[in-house]
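Note that these values count all heavy atoms, side chains included, but never hydrogens, waters or copies made by symmetry. Residue numbers begin at 1 in each chain, while the letters A, B, ... track the order of the sequences.
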Amino acid sequence: MLLSRLARVSQEVAATSARSRKIALLAELFREAEPADVPVVIPYLAGRLPQGRIGVGWKVLSRPVAPAAEPSLTVREVDARLTELGGVSGPGSQAERARLVGELLGASTEDEQRFLFGLLTGEVRQGALEAVAVEGLAQATGAPPDAVRRAVMLAGSLQSVAEALLADGPGALERFRLTVGRPVLPMLAHSASSVAEAVGKLGACAVEEKLDGIRVQVHRDGGTVRVHTRTLDDITDRLPEVTAAALDLRGERFILDGEVISFDGEGRPRSFQETAGRVGSRTDVVTAAREVPVSPVFFDALSVDGRDLLDLPFAERHAELARLVPEPMRVRRTVVSGPREEDAAEEFLARTLERGHEGVVVKGLDAPYSAGRRGASWLKVKPVHTLDLVVLAAEWGHGRRTGKLSNLHLGARTADGGFAMLGKTFKGMTDAMLAWQTKRLRELAVDESGYVVTVRPELVVEIAYDGLQRSTRYPAGVTLRFARVLRYREDKRPEEADTVETLLAAHPEVRP
DNA sequence: TTCCGACAGTGGGGTCGCAAT
DNA sequence: ATTGCGACCCCACTATCGGAA
């Protein structure tokens, strides 16, 4: 199959708004693909590169290369070239990769170049990624969509399910069962604005502390332990403490879901930055583990002694967890019967925050483990802080925000009467707000020449954020975590905006 | 030789609009 | 009305390469 066919279909998919039509277009393409093309065509149309990281990003790709007049590249040839590219390393590798990218782009037509750019930067922007591709695959093979989706969650990969389905038909789906040693896409949580809301929605539920660390899925099969991240990366070698802890447990075969986090000498959680830095360290794990030791803390059991627990109610899965894992290695929790016991849930949240944690996750006791989904039965509740900040500049948006000023630069007042930038945000804006702020900010613009439009610091905006973290990038030495716009405060003058001083005072645990 | 900037890739994430149910 | 998905981009951090000191 030619790459140009994929590029054309991708454009068509991007141009239609109906999901059903997107699915039909993908299904048609998948049916056409030869068996050997399948492992490439499917991930490409799901906007993913089968090779994962290959060391090519925006910078290398934005060097212009004259396109070919006629399409000639096959998807298999492109895949082979990218595999080669990803294998290049050592001195001179950057130049070599750039040369190979140049060659590939030179052999591509303009449409193909556009498609490759999207694929390699991870921004295909066709309104269809994995989930829509799964539907397309189901339609192409006549398999039930739910069964295909489940197989993908259990396999942790669309590609392997696609290959099996297109080779052997719907019967192949039965081969995909929960298997110790093969990671499953983890269940994710929705947000709720309060404990009351969460408990009201879920009724009988467990309220568990939410640790600000790195999600892990731990598989043990006898003497073998594997540790995977949320995206199923294997990080076993970086976390010897987790392997040791898993081998210490009495069970021989299990899959557990939890979080790794680092605690200080007093048993208080270290900052997310410290834990994440530790987990990211690969070159000298021994030193990293000595300086920032991490602990696994579990909250769910997916498989124990060869029994698949995914479809059991959470209450039963947790009972299995409690049998296997001693209390200190489990997330703290309390169980409430429903809104009648809301006070107990509130009290638990307050205590959790006192212990230095992020918030709580409220989980319905009856719900199964919805692998790979943002299940409605897990609701996280975190305290929200707000600030009145001043817009210092804004950046032009992309995609559906093209032509709108989107990403705001946010500043707090400083003691000398100026403003210190604390970070940026593009979140929380409705289309109406985008239109309004574009007009308003252009009125305040002092420099519109670049992609950053600087403005007179006069517009006050109310910002919600999750907390403060240290920063080397911003002048106050701190930045906001997960900042989003709540509303504009045209009733406030910039002199009434919050100051850096009050911000720092509100977060004494963070020292710039 | 050592240092440092630029780039890529990873982890954490909230809210909106739209299609489908 | 609710749910699921994709789009919109942020932050810090580590690893790596390649050129400057």
Output the rounded distance in Å from [atom1] ([X]) to [atom2] ([N]).
X	N	atom1	atom2	result
A/Gln469	B/dG13	CD	P	12 Å
A/Arg481	B/dG13	CZ	P	7 Å
A/Glu274	B/dG12	CD	P	17 Å
A/Asp146	B/dT21	CG	C1'	13 Å
A/Arg401	B/dG14	CZ	P	16 Å
A/Arg484	B/dT15	CZ	P	4 Å
A/Leu49	B/dT10	CG	C1'	16 Å
A/Gln273	B/dG13	CD	C1'	14 Å

**OP:** Identify the nucleotide, in any strand shown, that forms a Watson-Crick or G-U wobble pair with B/dC7, with both distances under 3.5 Å; if there is none, say none.
**Re:**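 Pairing partner: none.
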**OP:** Could you tell me from which nucleotide to which nucleotide of DNA chain C, 5' to 3', there is an atom under 4.0 Å from chain A heavy atoms?
**Re:**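 Contacts span C/dG4 to C/dG18, reading 5' to 3'.
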Original post:
Toward the 5' end of DNA chain C, which comes first, A/Lys427 or A/Ser471, by nearest nucleotide?
Top reply: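 On the 5' side of the pair lies A/Lys427.
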**OP:** By nearest nucleotide on DNA chain C, pick out whichever of A/Gly277 and A/Ala376 is the more 5' one.
**Re:**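 Per heavy-atom nearest nucleotide, the more 5' residue is A/Ala376.
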Original post:
Do the numbers put A/Lys363 on top of the ring of A/Phe299, so that NZ or CZ is under 6.0 Å from the six-membered ring centre and no more than 45° off the axis?
Top reply: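 Yes; both conditions hold, so A/Lys363 lies above the ring face of A/Phe299.
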Original post:
With nearest nucleotides of DNA chain B determined for A/Ile214 and A/Ser191 from heavy-atom distances, which residue corresponds to the more 5′ nucleotide?
Top reply: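 So the residue in question is A/Ile214.
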Subject >> Residue whose closest nucleotide on DNA chain B lies nearer the 5' end, A/Ala276 versus A/Asp466 >> reply: A/Ala276
**OP:** Remember a base hit wins even if backbone is also touched, and classify A/Thr275 as base, sugar-phosphate or nothing at under 4.0 Å, heavy atoms.
**Re:** nothing
**OP:** State, without any angle test, whether A/Ser10 and A/Gln126 hold a side-chain donor-acceptor pair at a distance under 3.5 Å.
**Re:**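 A/Ser10 vs A/Gln126: donor-acceptor pair found between side chains.
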**OP:** Quick one: closest heavy-atom pair of A/Leu85 and A/Arg97, and the distance?
**Re:**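 Closest approach of A/Leu85 to A/Arg97, heavy atoms only: CD2-CG, 3.4 Å.
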Original post:
Among residues 80-102 of chain A, which contact DNA chain B at a heavy-atom distance under 4.0 Å?
Top reply: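 Output list: empty, so none.
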